[in-house]
Engineer: 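Provided herewith is a single structure, encoded as structure tokens, for subsequent inquiry.
Positions are given from 1 along the sequence.
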Amino acid sequence: MSVILRAISVFKTVGEEIEILRGIHLSVHSGESIALTGVSGSGKSTLLGLLAGLDTPTSGDIEIAGQKIEPTAIDTGAIIRQHNIGFIFQAFHLLPGLNAWQNVILPLELQSQRAARSRAKDVLNAVGLGHRLYHYPHQLSGGEQQRVAIARAFVSTPQLLFADEPTGNLDHTTAHNIADLLFQINEQYQTTLILVTHDLQIARRCNRQFTLHQGTISPLPCA
């Protein structure tokens with residue numbers, strides 16, 4: 001398998017004294033599923049944002065599909081994110097003034113893709129929300145909102161799918177169903193999945209698991 005994502009000696013410092021990440025090295029192969037675990041404040045979400053190009057490291061390099069993300073190359077980073085990356089936020093971040101269908105269409109319209117409306121419907125059907133197309137976020141349960149967020153992240157069939165605590169705000173049964181959906185996407189479409197989770201059951205379903213502690217990363221043995 002080819003390496004699709006690489007972090008090389010990545011440091012992240014806030015202000016002059018707070019060092020969140022200290023020399024992170026990580027290589028991810030295409031089609032893998034990766035879990036990032038660790039206690040709150042260990043730097044998991046910070047690392048996820050850096051890997052996705054949503055933030056820039058203080059020093060070190062992030063490469064996606066062999067292309068280095070330059071801190072000053074905002075346009076390049078936007079192109080990489082737009083075409084290769086999907087990101088699922090813990091708090092969903094759905095636009096409240098748009099219904100489920102419109103939320104999912106949005107990334108495709110930003111890319112000026114043809115057949116955006118039918119593609120959005122197809123993906124919402126695939127995540128079990130074909131009957132909720134015209135419902136607004138406040139009319140949906142937490143699990144339904146997360147499914148919309150997953151559909152929005154996956155609608156452009158990204159090579160990389162990042163998820164920040166995708167089950168953290170959900171009850172146990174709904175969390176299990178959402179995890180099943182993410183791993184189904186990973187396996188069926190060979191979409192590389194990188195997720196942050198506190199749920200060790202979900203982490204163990206990944207190909208590889210890593211834990212962050214005081215800004216450093218270590219692999220965990222396979223279950």
Engineer: As an exercise, state the distance from CZ of Arg204 to CD of Gln209, rounded to the nearest 0.5 Å.
Structural biologist: 7.0 Å
Engineer: Can you say whether the rings of His138 and Tyr136 are parallel (under 30°), tilted (30 to 60°) or perpendicular (over 60°)?
Structural biologist: parallel
Engineer: Look only at the side chain of Ser33 and the backbone of Asn207, and say whether a donor-acceptor pair between them is shorter than 3.5 Å.
Structural biologist: yes
Engineer: So, Asn177 versus Thr174: side-chain donor-acceptor pair below 3.5 Å or not?
Structural biologist: no
Engineer: Would you name the heavy atoms of Leu47 and Ile217 that are closest together and state the gap between them?
Structural biologist: CD2-CD1, 4.1 Å
Engineer: Are the side chains of Gln159 and Ile85 in contact, using a 4.5 Å heavy-atom criterion?
Structural biologist: no
Engineer: Between Phe92 and Arg152, what is the shortest heavy-atom contact and its length?
Structural biologist: O-NH2, 2.8 Å
Engineer: Quick check: closest heavy atoms across Glu187 and Gln190, and the distance to 0.1 Å?
Structural biologist: O-NE2, 3.4 Å
Engineer: Answer yes or no: is there a donor N or O on one side and an acceptor on the other, between the side chain of Glu165 and the main chain of His198, under 3.5 Å?
Structural biologist: yes
Engineer: Could you go step by step and tell me if Leu21 and Leu50 meet the side-chain contact (heavy atoms from CB on, under 4.5 Å) rule?
Structural biologist: CA-CA 10 Å; Leu21 298 175; Leu50 291 171; 3.5 Å; yes
Engineer: Any donor and acceptor pair, going by atom type alone, linking the side chain of Gln188 with main-chain N or O of Ile185 inside 3.5 Å?
Structural biologist: no
Engineer: Within the distance-only criterion (no hydrogens, no angle test), does the side chain of Thr197 pair as donor or acceptor with the backbone N or O of Asp199 below 3.5 angstrom?
Structural biologist: yes
Engineer: Keeping Asp164 on the side-chain end and Phe89 on the backbone end, is there a donor-acceptor pair under 3.5 Å?
Structural biologist: no
Engineer: Would you say that Leu182 contacts Pro166 through its side chain, given a criterion of any heavy-atom pair below 4.5 Å between the two side chains?
Structural biologist: yes
Engineer: Can you tell whether the side chains of Arg6 and Asp61 come within less than 4.0 Å, N to carboxylate O?
Structural biologist: no
Engineer: Enumerate the ring pair (Phe, Tyr, Trp, His ring centres under 6.0 Å) contacts for residues 164-196, please, sequence neighbours excluded, ordered by first and then second residue.
Structural biologist: Phe154-Tyr189
Engineer: I'd like to know if the side chain of Lys12 and the backbone of Ser59 have a donor-acceptor N/O pair within less than 3.5 Å.
Structural biologist: no
Engineer: Is the number of heavy atoms from other residues, nucleotides or ligands under 6.0 Å of His213 NE2 greater than 12?
Structural biologist: no
Engineer: Apply side-chain contact (heavy atoms from CB on, under 4.5 Å) to Ile64 and Ile69, showing your working.
Structural biologist: CA-CA 7 Å; Ile64 296 176; Ile69 300 180; 3.5 Å; yes
Engineer: Over 60° means perpendicular and under 30° means parallel, so tell me whether Trp101 and Tyr134 are parallel, tilted or perpendicular.
Structural biologist: perpendicular
Engineer: For the side chain of Glu109 and the backbone of Leu106, is there at least one donor-acceptor N/O pair under 3.5 Å apart?
Structural biologist: no
Engineer: Would you mind telling me which of Pro219, Ser218, Ser42 makes a side chain to side chain contact (heavy atoms under 4.5 Å, CB included) with Thr211?
Structural biologist: Ser218
Engineer: Can you check whether Leu94's main-chain N or O pairs, donor with acceptor, with Asn103's side chain at less than 3.5 Å?
Structural biologist: no
Engineer: Between the main-chain N or O of Glu144 and the side-chain N or O of Ser141, is there a donor-acceptor pair closer than 3.5 Å?
Structural biologist: yes
Engineer: Quick one: pull up CD1 in Ile194 and CG in Leu161 and give me the separation to the nearest 0.5 Å.
Structural biologist: 9.5 Å
Engineer: What heavy-atom pair brings Ile34 and Val28 nearest, and what distance separates the two atoms?
Structural biologist: CG1-CG1, 3.9 Å
Engineer: Under 3.5 Å, is there a donor-acceptor pair between the Asn186 and Thr191 side chains?
Structural biologist: no
Engineer: Once rounded to the nearest 0.5 Å, what's the spacing between atom CD of Glu19 and atom OG1 of Thr13?
Structural biologist: 4.5 Å
Engineer: Do you know which two heavy atoms are closest between Leu212 and Lys44, and how far apart they sit?
Structural biologist: CD2-N, 4.0 Å
Engineer: Is Arg205 salt-bridged to Asp180, cutoff N-O under 4.0 Å?
Structural biologist: yes
Engineer: Starting at CG of Asp171, measure out to OG1 of Thr167 and round the result to the nearest 0.5 Å.
Structural biologist: 10.5 Å
Engineer: For atom CD of Gln139, decide whether the heavy atoms of other residues, nucleotides or ligands shown that lie under 6.0 angstrom number more than 12.
Structural biologist: yes
Engineer: Determine the minimum heavy-atom distance between Ala175 and Leu170, stating which atoms define it.
Structural biologist: N-CB, 4.1 Å
